Amino acid sequence: MKEAIAEYITQSTPSTDISATNISVGNGSDELIRTLLIATCLGGEGSILIATPTFSMYSILAQTLGIPIVSVGRNEIDFVIDIVAAQDVMNQTNNTVRAVFVVHPNSPTANALTTKELAWLGSWPEDILVVIDEAYFEFSQMTVVEELNQHPNWVILRTFSKAFPLASLRVGYAIAHPEVIINLEKIRLPYNLPGFSQAAAKLVLTHRQDVLSFLPEILGERTKLFDAFAQIPT
Ligand SMILES: Cc1ncc(COP(=O)(O)O)c(C=O)c1O
């Protein structure tokens, strides 16, 4: 299954060289988020950094593990992360942050990471994990997978719960440097992904052209909705 995922990534982003050693699979990407929290913040003083509003499970899972959450805001017009506030908070919290979680494009605000935000994420020291959640990759076609080589501390998360419609079968995956993957593999439960779910994920990858054929229609509807909202006077 990891090989099938690696082949899919390489085919959708040809300038990358991803193999099975760059992949870890989870019972949904929610499980991988939990695994990443355990790997980085448990048993120490670690906290995570998020910019709200964003996907709720980062803080829900952190709370259930007793991990402190450092939260910063976003610009009210374009939802860009308040990088200055993030830097201030980092200094105030004595650099306890062990992992940063962002969605690209963000959920629920839909804005993609800007060049400036990406440069900021790229400037984090290598002992801090930068998790870039690409749950909506099939819709956005935006990815930072080409940049993984330069950033051994970046982890990309993807899921089969969105455009690939397998949410109830719970299949997510992480793409990262092999050393990060080895450590995630040490923590995950031995039988975290049922064979049936793996078979289903492989099947939708094999038939991805058919399975994803509805995407242009959805994207067309999104444009229609966007245009209609733009007509509403502010
Ligand atoms: C941004 C984002 N990341 C991760 C997930 C979790 O997906 P999964 O079903 O793979 O656990 C979701 C699902 O809502 C999501 O919106």
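First listed ligand is number 1; within each ligand, the first listed atom is number 1. It should be emphasised that the depicted structure is a prediction, and the values quoted were computed from it without experimental measurement.
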Notebook entry, point to check: Taking 4.0 angstrom as the limit, do R170 and D30 come out as a salt bridge?
Noted result: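 Yes, charged N to carboxylate O under 4.0 Å.
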Checklist line | Under-4.0 Å salt bridge between E7 and R208 | finding: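 A salt bridge links E7 with R208.
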Notebook entry, point to check: Would you say F137 and I23 are hydrophobically clustered, going by side-chain heavy atoms of ILVMFWY under 4.5 Å?
Noted result: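 Yes, one cluster joins them.
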Item checked: For atom 14 (O) of ligand 1, the option (of M57, R170, K162) bearing the nearest heavy atom ->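 The nearest heavy atom belongs to K162.
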Notebook entry, point to check: Given L169, D133, T159, V131, which has its nearest heavy atom closest to atom 10 (O) of ligand 1?
Noted result: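 When every heavy atom of L169, D133, T159, V131 is considered, T159 comes closest to atom 10 (O) of ligand 1.
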For [X], take its heavy atoms, then give the atoms of ligand 1 lying under 4.0 Å from any of them.
{"X": "S161", "answer": "8 (P), 9 (O), 10 (O)"}
{"X": "V103", "answer": "1 (C)"}
{"X": "A135", "answer": "1 (C), 2 (C), 3 (N)"}

Next item on the list: Verify the distance criterion only: is there a donor paired with an acceptor across the side chains of T54 and T52 at less than 3.5 Å?
Entry: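 No.
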Next item on the list: Go through the steps for Y58 and V131 under the test side-chain contact (heavy atoms from CB on, under 4.5 Å), then give the verdict.
Entry: CA-CA 10 Å; Y58 308 135; V131 183; 5.8 Å; no
Next item on the list: For residues Y173 and F160, establish whether the separation of their ring centroids is below 6.0 Å.
Entry: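 So the answer is yes for these two rings.
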Next item on the list: Check for a donor-acceptor pair, side chain of T64 on one end and backbone N or O of L61 on the other, with a separation under 3.5 Å.
Entry: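 Such a contact is found between T64 side chain and L61 backbone.
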Considering heavy atoms of the protein only, find what lies nearest to [atom] and give residue, atom and distance to 0.1 Å.
{"atom": "atom 12 (C) of ligand 1", "answer": "F55 CZ, 3.3 Å"}
{"atom": "atom 6 (C) of ligand 1", "answer": "D30 OD1, 3.3 Å"}
{"atom": "atom 7 (O) of ligand 1", "answer": "S29 OG, 3.2 Å"}

Next item on the list: Determine whether the side chain, the backbone, both or neither of Y136 has a heavy atom under 4.0 Å from any heavy atom of ligand 1.
Entry: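 Within the 4.0 Å criterion, Y136 contacts ligand 1 through side-chain atoms alone.
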